[in-house]
Amino acid sequence: MMEITLIQGDITEQWVDAVVNAANSSLLGGGGVDGAIHRKGGPEVLAACRALRASHYGKGLATGQAVATTAGNLPATWVIHMVGPVYSAGAPERAALLASCYRESLRVADELGVRTLALPAVSAGIYGWPLRDAARIALGTVRDTPSGLSEARFVLFGPETYEVFEAVRREWGEGLGHGSMVD
Ligand code: APR
């Protein structure tokens with residue numbers, strides 16, 4: 001039985017099996033979560049990303065896809081890099097790509113035998129996705145995707161993001177699909 005938990009904090013400080021990175025298609029780092037993970041994870045993470053670019057991902061990682069590397073100096077064992085869609089009011093179909101990010105991250109996590117996974121609010125930062133909609137897609141997709149996880153931990157950076165995720169969770173009440181929401 002997977003538990004979905006919400007905490008306010010820094011995703012690079014989570015003692016979990018794997019941490020999901022809100023990356024970009026280059027896989028070569030950036031700001032926000034990406035910057036924090038590379039800064040704290042250290043050069044080993046970037047080296048592993050470069051190796052992916054030199055092998056299977058010559059053109060970069062496509063939006064909606066996910067791939068794992070070592071987590072370097074982070075407390076976690078793996079980083080699962082995924083590329084969220086950039087928000088555009090005129091492109092509602094991108095919501096499916098955002099959902100795919102979470103589904104693909106859980107698939108990769110299952111392949112690795114991951115039991116505890118920390119996830120950020122993908123696309124809700126630099127990529128501009130409206131927070132409430134990003135939270136609905138994130139929580140709904142993870143709730144509805146069967147996986148071997150014991151915990152999916154959303155790590156929300158700052159009170160506003162946490163409150164929005166908490167509000168979405170309250171909208172749903174208890175007894176959600178196979179996943180349950182606990183604080
Ligand atoms: N821990 C947890 N959450 C964080 C952290 C952190 N250390 N740093 C930022 N966040 C939050 C942001 O506040 C936002 O709510 O993660 C969410 C996602 O924000 P971004 O990291 O900006 O990711 P995204 O919106 O998906 O944009 C991805 O930004 O950093 C670049 O290389 C990255 O081009 C890519 C783009």
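Only heavy atoms go into these numbers, but all of them, side chains included; no hydrogens, no water, no symmetry mates. Both counts, for ligands and for their atoms, begin at 1 and track the order of listing. This is a predicted model, so every value here is computed, not measured. One-based numbering along the sequence shown.
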- Task: May I ask whether G35 has any heavy atom positioned less than 4.0 angstrom from an atom of ligand 1?
- Result: no
- Item | Polar contact flag, side-chain donor to acceptor under 3.5 angstrom, E151-T5 |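 The criterion, which ignores hydrogens and geometry beyond distance, is satisfied for T5 and E151.
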- If every non-hydrogen atom of E44 is compared with every non-hydrogen atom of G72, which pair is closest and at what distance? OE1-CA, 3.6 Å
- Write down the atom of I137, the atom of A95, and the distance for their closest heavy-atom approach.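 Of all heavy-atom pairs spanning I137 and A95, the closest is CD1-CB, 3.8 Å.
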- Message: Is the terminal nitrogen or CZ of R136 (NZ for Lys, CZ for Arg) located under 6.0 angstrom from the six-membered ring centre of W172 and within 45° of that ring's axis?
- Response: no
- Item | Side-chain donor/acceptor of N21 to backbone N/O of I80, under 3.5 Å | no
- Message: Between R94 and V86 (side chain of the first, backbone of the second, donor and acceptor by atom type, cut-off under 3.5 Å), is there such a pair?
- Response: yes
Specify the protein heavy atom at minimum distance from [atom]: its residue, its atom name, and the distance to 0.1 Å.
atom                    : answer
atom 1 (N) of ligand 1  : I11 N, 2.9 Å
atom 6 (C) of ligand 1  : F157 CD1, 3.6 Å
atom 16 (O) of ligand 1 : V33 CG2, 3.3 Å
atom 35 (C) of ligand 1 : Y127 OH, 3.5 Å
atom 29 (O) of ligand 1 : I126 CD1, 3.3 Å
atom 7 (N) of ligand 1  : D10 OD1, 3.1 Å
atom 19 (O) of ligand 1 : G125 CA, 3.3 Å

- Task: Counting heavy atoms only, name the option from P120, G158, A121, G84 that's nearest to atom 18 (C) of ligand 1.
- Result: A121
- Item | R103/D144 ion pair, N-O < 4.0 Å |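 No, no charged N to carboxylate O under 4.0 Å.
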- Task: Please determine if E163 and R132 form a salt bridge, counting it only when a charged side-chain N lies under 4.0 Å from a carboxylate O.
- Result: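 No, E163 and R132 are not salt-bridged.
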Should you measure from each heavy atom of [X], which atoms of ligand 1 turn up under 4.0 Å away?
X    : value
A22  : 23 (O), 26 (O), 28 (C), 33 (C)
S123 : 24 (P), 25 (O), 26 (O)
G31  : 30 (O), 31 (C)
V155 : 2 (C), 3 (N)
A36  : 7 (N)
D34  : 30 (O), 32 (O), 33 (C)
A23  : 35 (C)

- Query: Are V33 and V155 connected, step by step, through hydrophobic side chains (Ile, Leu, Val, Met, Phe, Trp, Tyr) whose heavy atoms are closer than 4.5 Å?
  - Reply: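 Shared cluster, yes.
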- Message: Here's a test for you: under side-chain contact (heavy atoms from CB on, under 4.5 Å), which of V16, L106, L112 qualifies with L117?
- Response: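 Testing each of V16, L106, L112 against L117, the sole residue satisfying side-chain contact (heavy atoms from CB on, under 4.5 Å) is L106.
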